[in-house]
Novice: 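This is the structure I want to talk about, given as structure tokens.
Order of the sequence lines fixes the chain letters, A, B, ..., with proteins taken first and strands second; residue numbering starts at 1 for each chain.
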Amino acid sequence: NAGVTQTPKFRVLKTGQSMTLLCAQDMNHEYMYWYRQDPGMGLRLIHYSVGEGTTAKGEVPDGYNVSRLKKQNFLLGLESAAPSQTSVYFCASSYSWQGALNTGELFFGEGSRLTVL
Amino acid sequence: ILNVEQSPQSLHVQEGDSTNFTCSFPSSNFYALHWYRWETAKSPEALFVMTLNGDEKKKGRISATLNTKEGYSYLYIKGSQPEDSATYLCASANYGQNFVFGPGTRLSVLP
């Protein structure tokens, strides 16, 4: 019962390098999200997708790009990593929009810790 | 962007104590509120999804209430156990907007 799987779990990058985080869900969810978690702050939404082929900006989208070519996958890319992007990244998915009773809850992956030197 | 606040930031209680913490959010245009439980080195897991003013939800020893008119939700834990130690997150959304998470309340239950 995989749920939401993120790869890689850990990564160290040098400033200016690029990388892609992969999120895969096996629950046939329409909605997928990428958050970042920084000390003392709540989870902040980077980008999200309301279905295959669609993406939208969240609260802190600068420096990131995303793609949702397949319903089950949501990729987060950093084209030129900066130290300010050192964070723990969480992917989440939901069956329906976030307020829907019993179906709007978010299912999270286990997080990917990224360090940019 | 909504401002969602949680208090206290952290809490230490003895096993068997009951405890509660607060999530505050803007009350205008309220749509929904979620509570999540986040254990160290694991993923956040949903506890409750709440949308109606006056709503009360319960799961075992944990319960939550919602006041959308004044913009707060309480999470209660009755008879805390060490396995309740976790960070409790709330997230609130207005109509047409994405959820905004609070910074969390970190609960430590001492045996």
Novice: Pick from B:Ala91, B:Pro44, B:Pro103, B:Ala46: which one has the most heavy-atom pairs with chain A under 4.5 Å?
Specialist: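 Among the listed options, the one with the most contacts to chain A is B:Pro44.
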Novice: Tell me if the NZ atom of A:Lys71 is crowded by more than 12 foreign heavy atoms within 6.0 Å.
Specialist: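 Yes, NZ of A:Lys71 has more than 12 neighbouring heavy atoms, counting only those of other groups under 6.0 Å.
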Novice: Do you know which of A:Gly42, A:Gly111, A:Gly109 has the most heavy-atom pairs with chain B at a distance under 4.5 angstrom?
Specialist: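 Result: the option with the highest number of such pairs is A:Gly42.
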Novice: Under a 4.5 Å heavy-atom cut-off, does chain A meet the side chain of B:Phe48, its backbone, both or neither?
Specialist: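 Neither; nothing under 4.5 Å.
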Novice: Tell me whether the centres of the aromatic rings in B:Phe99 and A:Tyr33 are closer together than 6.0 Å.
Specialist: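 Ring centres of A:Tyr33 and B:Phe99 not closer than 6.0 Å.
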Novice: Is the gap between the ring centers of A:His47 and A:Tyr64 under 6.0 Å?
Specialist: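 Judged by ring-centre distance (under 6.0 Å), A:His47 and A:Tyr64 do not meet the cut-off.
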Novice: May I ask you to check whether B:Tyr74 and B:Tyr72 place their ring centers less than 6.0 Å from one another?
Specialist: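 B:Tyr74 vs B:Tyr72: aromatic centres under 6.0 Å.
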